[in-house]
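The structure presented is a predicted model; accordingly, all values stated were derived computationally and were not measured.
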Amino acid sequence: AMVKIGRLISELHEAVGNDNVVYVWTQNWDTDENSGLPVDTHVVTRFVFNEAGLVTRVASLSEDRFALEQAGWTISR
């Protein structure tokens, strides 16, 4: 399923769960505000639910550095 919020387009690729933990893999497309270049990243988000079905923890792993490099930025020391 694809969702558009402003410039950002996000697509849900997969959601898998076991007991009270769910992992969600999404792909996001956006345009960098400074360079005007397109940016495409993947994100994995982990949700933990309590007994009442409410989210108690959220963590995500994304391609932030890769997104910056796509937009023309370099990272150096």
Problem - Closest approach of A71 to S35 (non-hydrogen atoms, all atoms of both residues) - result: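 Heavy atoms only, the tightest pair is O-OG, 3.0 Å.
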
Contact summary for M2 and I9, nearest pair of heavy atoms |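 Shortest heavy-atom contact: CE-CG2, 3.5 Å.
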
[Y] reachable from [X] in the ILVMFWY side-chain graph, under 4.5 Å edges:
{"X": "V58", "Y": "V21", "result": "no"}
{"X": "V3", "Y": "F47", "result": "no"}
{"X": "L68", "Y": "V43", "result": "no"}

Residues passing the side-chain contact (heavy atoms from CB on, under 4.5 Å) test with R57, sequence neighbours excluded, are V48

How long is the straight-line distance from [atom2] of [Y] back to [atom1] of [X], given to the nearest 0.5 Å?
{"X": "E11", "Y": "N28", "atom1": "CD", "atom2": "CG", "result": "10.0 Å"}
{"X": "W73", "Y": "N34", "atom1": "CH2", "atom2": "CG", "result": "5.0 Å"}
{"X": "T31", "Y": "L8", "atom1": "OG1", "atom2": "CG", "result": "10.0 Å"}
{"X": "T26", "Y": "H13", "atom1": "OG1", "atom2": "NE2", "result": "7.5 Å"}

Pairwise side chain to side chain donor-acceptor pair (under 3.5 Å) hits with a residue in residues 39-56, at least two apart =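 Every side chain to side chain donor-acceptor pair (under 3.5 Å) pair that includes a residue of residues 39-56, provided the two are not neighbours, is Y23-R46, W25-H42, Q27-D40.
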
S62 meets the side chain to side chain donor-acceptor pair (under 3.5 Å) criterion, sequence neighbours left out, with D64

